[in-house]
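Below you'll find the structure, written out as structure tokens, and then a few comments.
This is a predicted model, so every value here is computed, not measured. The analysis underlying the following values was restricted to heavy atoms, covering all of them including side chains, and did not include hydrogens, waters or symmetry mates.
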Amino acid sequence: MRDSPIKAMIYVVDDDSDVLGSLQFLLETDGFDVRTFKSGAALLGDEASDGADCFVIDYKMPSMNGLDLVRCLRDREISAPVILITGHLDAQLSEKAANAGVRYVLHKPLLDESLVGHIRGALEKGICH
């Protein structure tokens with residue numbers, strides 16, 4: 001995490017514009033700087049993709065799912081914490097996420113304060129993957 005006067009930068013990746021807008025509002029209201037991306041390819045194509053303090057990534061997206069995106073980030077040696085969000089939480093996904101180094105998998109309809117708390121916890125603990 002960056003030093004105190006600078007806000008933590010959170011990158012949010014989701015193919016649903018409404019979800020992106022809601023998460024951006026939620027996180028900015030809680031004091032984070034936020035950049036949003038509509039796909040994994042958009043994030044990977046951004047020159048500043050390594051500027052995030054934490055990633056919030058949707059699992060189910062066209063072309064590249066969230067776990068594939070996490071693997072690409074790790075291949076680029078980007079080690080910021082990742083929180084995977086999904087509308088369809090199951091034990092297999094949680095296991096796959098853990099194997100990819102993702103500590104937190106959250107169910108979309110229940111994000112709000114849970115997401116903020118997990119981001120703060122990941123940043124404070126320095127969980128990198």
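- Annotation: side chain to side chain donor-acceptor pair (under 3.5 Å) contacts of Lys38 (sequence neighbours excluded): Ser17.
- Rounded to the nearest 0.5 angstrom, Asp33 CG and Leu27 CG are separated by 10.5 Å.
- In plain terms, the two heavy atoms of Ala122 and Pro81 that are nearest each other are CB-CB, 3.8 Å.
- For Met64 against Leu44, the heavy-atom pair with the smallest separation is CE-CD1, 3.7 Å.
- The nearest pair of heavy atoms linking Leu67 to Ala97 is CD2-CA, 3.7 Å.
- To the nearest 0.5 angstrom, Leu115 atom CG is 14.0 Å from His107 atom NE2.
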Practice task
Show the numbers, then the answer: is there a side chain to side chain contact (heavy atoms under 4.5 Å, CB included) between Val82 and Leu69?
Solution key: CA-CA 10 Å; Val82 173; Leu69 177 55; over 6 Å; no

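- Annotation: side-chain contact (heavy atoms from CB on, under 4.5 Å) contacts of Ala42 (sequence neighbours excluded): Phe37, Ser39.
- Under the 4.5 Å side-chain criterion, counting only non-hydrogen atoms from C-beta, Ser114 is in contact with His118.
- Residues passing the salt bridge (Lys or Arg N to Asp or Glu O under 4.0 Å) test with Arg35 are Asp46, sequence neighbours excluded.
- Looking at heavy atoms from C-beta onward, Phe55 lies in side-chain contact with Ile78 at the 4.5 angstrom threshold.
- Nearest heavy-atom pair, Phe32 versus Lys7, reported as atom, atom and distance to 0.1 Å: C-CD, 4.3 Å.
- Looking at heavy atoms from C-beta onward, Ile57 lies out of side-chain contact with Ile83 at the 4.5 angstrom threshold.
- When side chains are defined from C-beta on, Ile119 does not count as touching Tyr104, because their heavy atoms never get closer than 4.5 Å.
- The side-chain heavy atoms of Thr36 and Leu23, taken from C-beta on, include no pair separated by under 4.5 Å.
- Applying the side chain to side chain donor-acceptor pair (under 3.5 Å) test to every pair with at least one member in residues 57-70, sequence neighbours left out, gives these pairs: Asp58-Lys108, Asp68-Arg71.
- Under the side-chain contact (heavy atoms from CB on, under 4.5 Å) criterion, Ala91 pairs with no residue, sequence neighbours left out.
- The side chain to side chain donor-acceptor pair (under 3.5 Å) pairs that include a residue from residues 84-95 number zero, where partners must be two or more places apart or lie in different chains.
- Contact of the Tyr11 side chain with the Val56 side chain is not registered, since no non-hydrogen atoms from C-beta on lie closer than 4.5 Å.
- Counting only heavy atoms from C-beta outward, the side chains of Val34 and Val12 approach each other to under 4.5 Å.
- The minimum heavy-atom distance between Cys54 and Leu123, with the atom names listed, is CB-CD2, 4.1 Å.
- In this structure, the side chains of Lys96 and Val102 stay at 4.5 Å or more apart for every pair of heavy atoms.
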